[in-house]
Amino acid sequence: MATYHPDGSEMGESPAAPATYEEYCRINTNKGEIKIHAFAGPQALPVSGVQITITKALPDGEHVLFRGATDIDGIIDSIVVPTPPRQLSMFPNLRIPYATYRIYAHHPEFRLIPSFGDIAVFDGIKSIRRIPMVRLQRAE
């Protein structure tokens, strides 16, 4: 399928989606960052020790890019991941100008408030994912 520049001139065929993580990294040579902030309650109290896993799903499987735990402030900062070059945002019909990653979070004393899902990461930009959590009630 042909794609076109904004002025209407043809750019050629759209690149095929990568099938493996190696292909994905060859295509997405630039870098973006992810910052995680886990918190609980209306006052946004930090939750330390939240186990975070960041993955990328591709046809050959789901690849783990990062595993770690939030610090005392409920934060993991500067997780570097591959992204497409920012120049793609100038030609939106060519390829999506950002990468998406899945974030999993777990803490034995908290439950996750659902619906935070995937995160979009752009070249040279830090994307911040806030993860709201609720403390589990203990049986007495």
Side-chain angles (χ1 to χ4, degrees):
M1 176 177 139
T3 55
Y4 300 89
H5 288 286
D7 66 4
S9 61
E10 188 171 345
M11 291 170 27
E13 293 295 311
S14 295
T20 67
Y21 187 68
E22 290 75 27
E23 287 177 31
Y24 179 79
C25 288
R26 257 194 316 275
I27 293 169
N28 297 290
T29 57
N30 293 45
K31 304 292 180 199
E33 293 184 27
I34 298 172
K35 178 179 181 178
I36 304 291
H37 177 211
F39 64 95
Q43 299 298 317
L45 300 170
V47 179
S48 65
V50 177
Q51 298 299 312
I52 300 293
T53 303
I54 298 176
T55 66
K56 178 65 180 174
L58 293 166
D60 70 338
E62 189 167 16
H63 299 268
V64 175
L65 279 73
F66 176 84
R67 279 196 176 107
T70 57
D71 65 16
I72 194 166
D73 296 317
I75 290 175
I76 301 175
D77 203 355
S78 301
I79 303 165
V80 178
V81 294
T83 63
R86 73 177 68 209
Q87 295 86 330
L88 287 178
S89 64
M90 301 301 292
F91 306 103
N93 293 333
L94 179 60
R95 241 177 64 205
I96 296 173
Y98 56 86
T100 57
Y101 295 97
R102 173 69 44 139
I103 299 174
Y104 298 95
H106 173 75
H107 192 290
E109 297 175 18
F110 290 83
R111 78 173 163 80
L112 202 55
I113 296 175
S115 80
F116 69 90
D118 291 349
I119 188 168
V121 183
F122 291 84
D123 174 26
I125 302 293
K126 183 180 289 189
S127 298
I128 300 171
R129 171 61 73 213
R130 292 176 46 86
I131 301 177
M133 305 186 87
V134 175
R135 186 174 290 279
L136 295 172
Q137 299 297 321
R138 295 187 181 174
E140 307 230 1

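Below, each value reflects all heavy atoms present in this structure, side chains not excepted, and no hydrogens, waters or symmetry copies. From a predicted model like this one, the values you see are computed outputs, not experimental measurements. Residue numbers start at 1 and run along the sequence shown.
Remark: Ser78 OG to Ile36 CD1 distance equals 11.5 Å, nearest 0.5 Å. We find the CG-NE2 distance between Leu136 and His107 to be 10.0 Å, quoted to the nearest 0.5 Å. Taking OG of Ser48 as the start and CG of Asp71 as the end, the distance is 8.0 Å to the nearest 0.5 Å. Rounded to the nearest 0.5 Å, atoms OG1 (Thr83) and CG (Leu88) are 9.5 Å apart. Between the CZ atom of Arg129 and the NZ atom of Lys35 there is a distance of 14.0 Å, given to the nearest 0.5 Å. With values rounded to the nearest 0.5 angstrom, Glu22 atom CD is found 7.0 Å from Asp60 atom CG.
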- prompt: Do Ile34 and Ile54 pass the side-chain contact (heavy atoms from CB on, under 4.5 Å) test, and can you show the C-alpha distance, the side-chain angles, and the key distance before you say yes or no?
  reply: CA-CA 10 Å; Ile34 298 172; Ile54 298 176; 3.9 Å; yes

message: Let's go through Tyr101 and Ile103 carefully: what are the C-alpha distance in whole Å and the side-chain angles of both, what is the deciding distance for side-chain contact (heavy atoms from CB on, under 4.5 Å) to 0.1 Å, and is it a yes or a no?
response: CA-CA 7 Å; Tyr101 295 97; Ile103 299 174; 5.5 Å; no

- prompt: Which is it for Met133 and Val50 under the side-chain contact (heavy atoms from CB on, under 4.5 Å) test, yes or no, and what are the steps along the way?
  reply: CA-CA 10 Å; Met133 305 186 87; Val50 177; 3.6 Å; yes

- request: Under the side-chain contact (heavy atoms from CB on, under 4.5 Å) rule, what do Lys56 and Tyr24 come out as? Steps first, then yes or no, please.
  value: CA-CA 10 Å; Lys56 178 65 180 174; Tyr24 179 79; 3.5 Å; yes

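The heavy-atom pair separating Phe122 from Pro97 by the smallest distance is CD2-O, 3.5 Å. Of all heavy-atom pairs spanning Pro82 and Ala99, the tightest one is O-CB, 3.6 Å. Minimum interatomic distance between Pro46 and Gly74 (heavy atoms only, all atoms of both residues): CB-N, 3.7 Å. Closest non-hydrogen pair, Ile76 versus Gly68, comes out as CD1-C, 3.9 Å. Residues Asn30 and Asp123 come closest through the heavy atom pair ND2-OD2, 2.9 Å. The two atoms that bring Gly124 and Arg86 nearest to each other are CA-NH2, 3.5 Å, heavy atoms only.
Between the side chain of Thr53 and the main chain of Val64, no donor-acceptor pair closer than 3.5 Å is present.
Hydrophobic clustering places Ile96 together with Ile125 (ILVMFWY residues linked when any side-chain heavy atoms are closer than 4.5 Å, directly or through intermediates).
Residue pairs that meet the ring pair (Phe, Tyr, Trp, His ring centres under 6.0 Å) test with at least one member in residues 34-56, sequence neighbours left out, are His37-Phe39. Each ring pair (Phe, Tyr, Trp, His ring centres under 6.0 Å) pair with one or both residues in residues 43-89, not counting sequence neighbours, appears once here: Tyr21-His63.
Shown here are the side-chain hydrogen bond (donor to acceptor under 3.5 Å, both in side chains) partners of Thr55, two or more places apart in sequence or in another chain: Glu62.
Within the 4.5 Å cutoff, side-chain heavy atoms of Ile131 are placed close to those of Ile52.
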